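Treat the numbers as computed from the prediction; the structure is a model and nothing was measured. Each chain gets a letter, A, B and so on, in the order its sequence line appears, and its residues count up from 1.
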Amino acid sequence: MKYWKYYLNRLFSADIIRNEHLVGRYFILEVTPNVAICETQVGQFFMLRPGESIDPLLLRPFSLLTFKSPSGQYPNGTLIFLIDAVGKGTNILKRLAVGTRFSIVGPLGRGFPPVADDEILFVVAGGIGIASVFGLTSVYLNTPFFFGVRTANMMSDLQAIGFNYWGENTFTASDDGSIGSKGSVLELLEKQVSEYKRDCGGKVKIYACGPHAMYKAMVKMNLDADIYVSLETPMACGVGTCLGCAVETTSGLQMVCKDGPVFNLKDIIWGG
Amino acid sequence: MKYWKYYLNRLFSADIIRNEHLVGRYFILEVTPNVAICETQVGQFFMLRPGESIDPLLLRPFSLLTFKSPSGQYPNGTLIFLIDAVGKGTNILKRLAVGTRFSIVGPLGRGFPPVADDEILFVVAGGIGIASVFGLTSVYLNTPFFFGVRTANMMSDLQAIGFNYWGENTFTASDDGSIGSKGSVLELLEKQVSEYKRDCGGKVKIYACGPHAMYKAMVKMNLDADIYVSLETPMACGVGTCLGCAVETTSGLQMVCKDGPVFNLKDIIWGG
Amino acid sequence: MNLSVNIGGLKLKNPVITASGTFGYGVEYEEFLDLNQIGAITVKGLSQHPAKGNPPGRIWETPCGMLNAIGLQNIGIAAFIKEKLPELRKYDTKIIANFFGDTIEEYAEAAARLSAAEGIHALEMNISCPNKQAGWIAFGTDPALTEKVVAAARKTATLPLIVKLSPNVTSIADMAKAAVNGGADALSVINTITGMAIDIETRRPRLSNIVGGLSGPAIRPIALQMIFQTFKAVKVPIIGMGGIMTGGDAIEFIIAGASAVAVGTANFVNPAASIEILKGIKDYMARHQIDDINTLTGGIIC
Amino acid sequence: MNLSVNIGGLKLKNPVITASGTFGYGVEYEEFLDLNQIGAITVKGLSQHPAKGNPPGRIWETPCGMLNAIGLQNIGIAAFIKEKLPELRKYDTKIIANFFGDTIEEYAEAAARLSAAEGIHALEMNISCPNKQAGWIAFGTDPALTEKVVAAARKTATLPLIVKLSPNVTSIADMAKAAVNGGADALSVINTITGMAIDIETRRPRLSNIVGGLSGPAIRPIALQMIFQTFKAVKVPIIGMGGIMTGGDAIEFIIAGASAVAVGTANFVNPAASIEILKGIKDYMARHQIDDINTLTGGIIC
Ligand SMILES: Cc1cc2nc3c(=O)[nH]c(=O)nc-3n(C[C@H](O)[C@H](O)[C@H](O)COP(=O)(O)OP(=O)(O)OC[C@H]3O[C@@H](n4cnc5c(N)ncnc54)[C@H](O)[C@@H]3O)c2cc1C
Ligand SMILES: Cc1cc2nc3c(=O)[nH]c(=O)nc-3n(C[C@H](O)[C@H](O)[C@H](O)COP(=O)(O)OP(=O)(O)OC[C@H]3O[C@@H](n4cnc5c(N)ncnc54)[C@H](O)[C@@H]3O)c2cc1C
Ligand SMILES: Cc1cc2nc3c(=O)[nH]c(=O)nc-3n(C[C@H](O)[C@H](O)[C@H](O)COP(=O)(O)O)c2cc1C
Ligand SMILES: Cc1cc2nc3c(=O)[nH]c(=O)nc-3n(C[C@H](O)[C@H](O)[C@H](O)COP(=O)(O)O)c2cc1C
Ligand code: FES
Ligand code: FES
């Protein structure tokens with residue numbers, strides 16, 4: 001496979017070392033870069049090229065699930081992505097063989113801001129949104145984690161491959177009730193936030209990633225918290241030049257790839 | 001992989017059972033059709049879809065190297081193609097995994113005409129052209145076979161995978177002299193044809209497949225023989241409807257996919 | 001579920017048509033699919049006299065598309081009527097005769113002769129082939145001339161007259177209006193887009209004609225936009241085409257304003273494409289509970 | 001090996017330019033490639049006042065291409081000169097300022113202001129954005145108006161004036177002649193082609209602006225043909241663009257008549273595309289023993 005030969009900072013080639021298909025559409029793509037790459041904040045993303053064809057043409061954005069530190073075997077560490085094969089590009093990525101070398105741009109954008117000492121962090125993931133916020137669980141150990149899924153499959157999948165953040169601080173809900181409580185994970189969140197407010201009174205930060213509908217529902221809930229969410233829009237360049245990924249905010253149009261993808265929820269103006 | 005579900009005669013899906021890479025660019029693609037397919041003459045071809053992407057868009061034409069009769073394991077037999085990975089489509093085919101299901105149209109076109117009892121057949125293959133004429137060696141056993149290659153590699157490759165038509169009736173030449181005589185195989189052909197003419201005086205038929213330059217050289221040689229050659233032009237439909245594969249002949253334009261690909265050499269009008 | 005549509009008097013049992021020049025004279029495909037299932041077959045462009053077309057170097061693949069410069073090679077109207085039409089009459093589908101002329105008179109004569117033949121159900125007038133000389137191209141790019149040549153054919157034609165527009169214009173809306181003013185019962189949008197390719201090793205054009213017509217999925221967004229503009233400009237039904245490969249693509253064209261769709265280059269990629277596209281349309285209608293395909297035409301929500 | 005070219009007075013060390021709107025203001029790419037290696041950088045289209053552009057729903061991927069309807073969002077000429085230009089002056093490359101106005105006067109004023117700024121080497125006048133209203137589009141589709149607006153900018157501009165043509169016209173040759181008559185020193189061919197896409201699930205257009213501009217490899221055959229026609233029609237140098245992804249593609253454009261090439265959408269697929277394309281051009285020249293790239297321009301053998 002053809003790949004790029006320029007290693008100025010955020011443009012590098014990487015080799016696939018694992019492409020593990022989970023139940024359903026999800027898969028884990030683990031790659032090792034061929035150069036030392038920049039440090040990544042949780043919430044930042046990388047643009048992956050879906051195969052070497054010119055159709056599909058554009059790179060696809062994916063959050064970094066986790067970074068594994070350099071080892072003897074992988075001197076530049078490894079990047080792990082959790083991907084939902086929803087369309088053309090993701091399905092091509094799903095079929096790439098171990099050993100395939102391909103091109104990556106990143107890390108890009110702004111991740112989640114640091115949490116102050118006097119604040120408590122609640123993390124919310126809706127479905128595949130877990131890919132973007134999962135990294136927070138190793139920065140903020142034992143932080144309350146709210147995970148909403150359609151059905152139990154995905155949870156067990158993640159556990160099966162070694163993600164074990166399912167302690168007593170994890171609150172799960174599923175659409176079909178097959179795991180956790182039945183219904184929206186936001187109800188659990190609301191309850192915990194108000195209990196916390198009542199019992200401790202401290203400042204609450206919520207970092208969330210999920211479908212935009214989830215964010216709109218959060219707006220309506222009027223939670224007494226500082227909420228940051230990771231947005232998704234189609235992207236071309238990923239680096240702020242094409243001006244394609246615009247989103248309306250209270251301070252005008254902003255670019256999801258450069259000013260985000262993480263935004264303060266109250267700044268977003270929701271259209272249609 | 002998506003595949004077609006219509007089995008009216010010459011449109012079928014097939015599963016790859018072997019994709020063996022030879023030295024250099026050549027590879028062997030063996031597939032088993034999911035339905036009983038039409039009987040194929042030597043010189044006819046099939047259109048293969050290079051992957052499921054819409055780029056490259058068009059099907060690619062390939063001669064049938066050999067057909068293996070139905071067996072318990074493969075009730076519809078197997079089709080074997082010998083392919084030179086020259087460009088985009090052929091390189092995609094080269095990477096398709098065993099088990100991949102894909103779509104095929106064929107057999108198409110007109111193959112080599114039957115040889116009469118009072119005629120002798122000389123078969124000529126230039127490089128990958130062997131794919132189209134190789135089948136003749138099992139119809140006309142021990143027929144003189146002239147094989148021109150760039151270098152020895154390919155010969156040994158074919159032998160290694162079980163093609164053993166290299167008896168005393170085989171005349172080989174290579175550009176670099178690494179196998180057979182150094183130079184053009186046409187010189188060997190010319191010598192044998194004139195010796196045959198001198199010694200036996202019978203009618204000679206020559207069936208050839210190779211680069212068009214080889215055919216033009218044959219025209220110049222003025223051999224005392226009835227020569228049929230297999231032509232190559234870019235194709236879109238493969239079934240005579242797009243009118244894209246036209247070639248100038250003494251009786252006007254003809255379609256390589258339908259009126260050919262095998263033509264009487266004397267009927268072809270060579271352009272530029 | 002109603003799939004039948006009326007294209008300016010041509011009644012089709014479903015809106016999937018095969019595009020001219022990509023389906024031969026129809027009969028070639030009988031061993032690949034059941035022709036009775038197709039809404040209509042448009043045959044290769046016909047002229048008064050058989051035409052030889054361009055020399056070899058007629059097609060070339062491009063990114064998600066292909067160029068062709070066949071040059072309107074055809075067996076001529078007489079041979080078509082005598083040799084092909086009787087075969088086609090066996091099928092329960094509609095036949096659209098695509099035709100062209102080199103002069104206004106030839107267009108009018110061709111329209112008359114084809115109208116008189118038994119087994120042809122509509123005429124599609126090609127004024128938009130990019131492989132012809134500059135003078136001819138004016139038929140499809142100069143609105144005044146378009147109106148004139150359409151009016152001439154309209155006078156002699158007794159069948160529904162569909163005019164096939166060229167995308168190689170500044171305003172497809174103006175061209176559509178001109179064709180309708182000339183008397184078009186329906187419009188086919190679009191023909192191929194002028195393009196070319198060069199072999200950098202020899203510096204020669206890939207096509208003997210130098211330029212050719214681009215078709216296939218590459219042009220789909222352009223075609224779709226032209227159908228949308230045409231739908232806003234005129235009231236006659238539109239046959240949408242240009243890069244349709246799937247049922248979803250066909251639905252996109254219908255939502256933009258097409259009453260029927262034509263499948264061209266896709267036939268080369270999959271000889272049974274038209275039937276798969278029809279199936280995709282039905283699946284979509286079932287999923288979206290659409291009872292009548294006609295209600296979807298122009299249903300874009302802006 | 002001589003790679004330097006002269007584009008109507010703008011001297012470049014090599015013929016590879018980054019296309020307007022696909023390379024930001026240049027500086028964004030300094031961490032992806034060595035900007036000193038590029039022949040020239042064309043910055044995002046500038047206007048007198050900052051422009052907000054279109055609402056979200058601005059890009060959409062299509063077969064081998066993409067649609068955009070950014071709507072010419074930009075920080076305005078003043079901010080560009082103050083904030084971006086000083087950064088760009090650090091690099092040993094040429095800066096082409098792409099600009100547009102809403103009236104003839106605005107075009108003239110913009111040309112004057114940009115000419116006066118230190119560090120700009122040429123002006124590229126955009127009269128061909130498909131995302132603007134009908135009235136504006138006439139600048140790039142009506143030859144008389146084109147000549148007029150170009151002449152106005154020519155009068156105030158003191159730098160080489162490149163006019164960027166629209167492909168959405170019946171005759172690119174006529175438009176090229178109009179621009180040259182107006183005083184263009186060079187032409188950029190082509191801007192994006194009008195297209196659209198619809199989400200069939202919601203029946204809504206994918207772009208808030210409904211229509212947008214198609215770019216990428218899908219349009220390459222169309223762009224190439226327009227460059228070939230333009231080269232035959234006028235004598236000024238041409239910057240060829242439209243779907244160039246590789247050095248081979250660039251050579252194809254040069255053979256068709258381009259003196260330089262611009263790389264657009266390819267920058268999104270590979271931020272270092274322009275440098276790889278330059279390398280591909282050099283490889284081709286070495287392989288074909290071409291000493292001077294200028295000898296290849298228009299070298300098509302028909
Ligand atoms: C900052 C960011 C981080 C993301 N992280 C992840 C992740 O970790 N795991 C994961 O599975 N997905 C993630 N996504 C979504 C992912 O980018 C899309 O699912 C993917 O681009 C779909 O590509 P496709 O070719 O399979 O789908 P298609 O529908 O064929 O794509 C068509 C076009 O739309 C774009 N597109 C479609 N859906 C989305 C979407 N939701 N967001 C952005 N562009 C889209 C594609 O990039 C492409 O340009 C993220 C998106 C963004 C913006
Ligand atoms: C009747 C016939 C039988 C053939 N049999 C064989 C065979 O058995 N083994 C084999 O290796 N090759 C065979 N070929 C040649 C084979 O079809 C081409 O090598 C192949 O199409 C190249 O595709 P690509 O995408 O790899 O090349 P690209 O150069 O990327 O293709 C670009 C376009 O040109 C066409 N094209 C390029 N070269 C040729 C060519 N020589 N003939 C026809 N079209 C071409 C492609 O189909 C495609 O449309 C045959 C060709 C014909 C016409
Ligand atoms: C090989 C070929 C031949 C064609 N011949 C004709 C023709 O004879 N008359 C005509 O009106 N259109 C002709 N067309 C145009 C198609 O009918 C259709 O308008 C165009 O290809 C766009 O649709 P597509 O992208 O689905 O192919 C031809 C197209 C191709 C590819
Ligand atoms: C996202 C995007 C924004 C663009 N913005 C501008 C612009 O501001 N001014 C301009 O003249 N052209 C603009 N263009 C057109 C490009 O400069 C170029 O002419 C076109 O994209 C064709 O080249 P390509 O296929 O290599 O992208 C833009 C193109 C894209 C894709
Ligand atoms: S994706 Fe290009 S600006 Fe964000
Ligand atoms: S390939 Fe279409 S007619 Fe031969």
Side-chain angles (χ1 to χ4, degrees), chain C residues 60 62-67 130 137 141-142 166-171 175 193-206 210-212 214 216-229 243 245 247-256 284 287-288 296 299-302, chain D residues 60 62-67 130 137 141-142 166-171 175 193-206 210-212 214 216-229 243 245 247-256 284 287-288 296 299-302:
Chain C
W60 190 251
T62 67
C64 284
M66 65 174 282
L67 289 165
I137 284 179
T141 56
D142 171 355
S166 167
N168 304 301
V169 296
T170 306
S171 166
M175 300 310 300
I193 304 179
T194 315
M196 74 186 280
I198 297 172
D199 179 349
I200 63 172
E201 301 306 319
T202 64
R203 297 192 201 174
R204 288 183 190 279
R206 295 283 188 184
I210 307 177
V211 304
L214 184 65
I219 69 169
R220 191 160 67 225
I222 305 172
L224 194 72
Q225 191 266 151
M226 294 201 159
I227 284 147
F228 176 70
Q229 302 299 353
M245 302 293 287
D249 299 340
I251 294 291
E252 208 178 345
F253 278 64
I254 292 171
I255 291 174
Y284 176 92
R287 193 153 45 83
H288 286 261
L296 204 58
I300 186 172
I301 303 169
C302 290
Chain D
W60 190 252
T62 67
C64 284
M66 64 175 281
L67 289 165
I137 284 178
T141 55
D142 170 355
S166 167
N168 304 300
V169 295
T170 306
S171 166
M175 300 310 300
I193 304 178
T194 314
M196 74 186 281
I198 298 171
D199 179 349
I200 61 171
E201 300 306 319
T202 63
R203 298 194 202 172
R204 287 182 190 281
R206 295 283 188 184
I210 306 177
V211 304
L214 185 65
I219 69 169
R220 192 160 66 225
I222 304 172
L224 194 73
Q225 191 265 151
M226 293 202 160
I227 284 147
F228 176 70
Q229 303 298 354
M245 302 295 286
D249 298 341
I251 293 292
E252 208 179 345
F253 278 63
I254 293 170
I255 291 174
Y284 177 91
R287 192 153 45 84
H288 286 262
L296 204 58
I300 185 171
I301 302 169
C302 290

- Note on the structure: Assert top hit (heavy-atom pairs under 4.5 Å, partner chain C, pool D/Pro205, D/Gly65, D/Gly212, D/Ala256) equals D/Pro205
- Note on the structure: Ranking C/Ile222, C/Ile193, C/Asp142, C/Ile198 by heavy-atom pairs under 4.5 Å to chain D gives rank one to C/Ile198
- Student check: side-chain heavy atoms of C/Thr170 and D/Met175 closer than 4.5 Å: no
- chain D shares the most heavy-atom pairs under 4.5 Å, among C/Ile210, C/Ile200, C/Ile219, with C/Ile200
- Rounding to 0.5 Å, atoms CZ (C/Arg203) and NE2 (D/His288) come to a distance of 8.0 Å
- Item | Pairs of heavy atoms under 4.5 Å with chain D: top-ranked of C/Leu296, C/Thr194, C/Ile251 | C/Thr194
- Salt bridge between C/Glu252 and D/Arg206, side-chain N to carboxylate O under 4.0 Å? no
- Gap separating the CG atom of C/Leu214 from the CZ atom of D/Arg220, nearest 0.5 angstrom: 11.0 Å
- Task: Check each atom of C/Glu201 against the heavy atoms of chain D and say whether the ones under 4.5 Å are side chain, backbone, both or neither.
- Result: both
- Query: Side chain, backbone, both or neither: which part of C/Tyr284 has an atom under 4.5 Å from a heavy atom of chain D?
  - Reply: side chain
- Item | Test item: D/Gln225 and C/Asn168 side chains (from C-beta on) under 4.5 Å apart, heavy atoms | no
- Query: Is it the backbone or the side chain of C/Val169 that comes under 4.5 Å from a heavy atom of chain D, or both, or neither?
  - Reply: both
- Task: Pick one of side chain, backbone, both or neither for D/Ser166, based on which atoms fall under 4.5 Å of a heavy atom in chain C.
- Result: neither
- Query: Given a strict heavy-atom distance threshold of 4.5 Å, which part of C/Ser171 is in contact with chain D: side chain, backbone, both, or neither?
  - Reply: neither
- Between C/Gly195, C/Cys64, C/Gly216, C/Pro221, which residue shows the highest count of heavy-atom pairs closer than 4.5 Å to chain D? C/Pro221
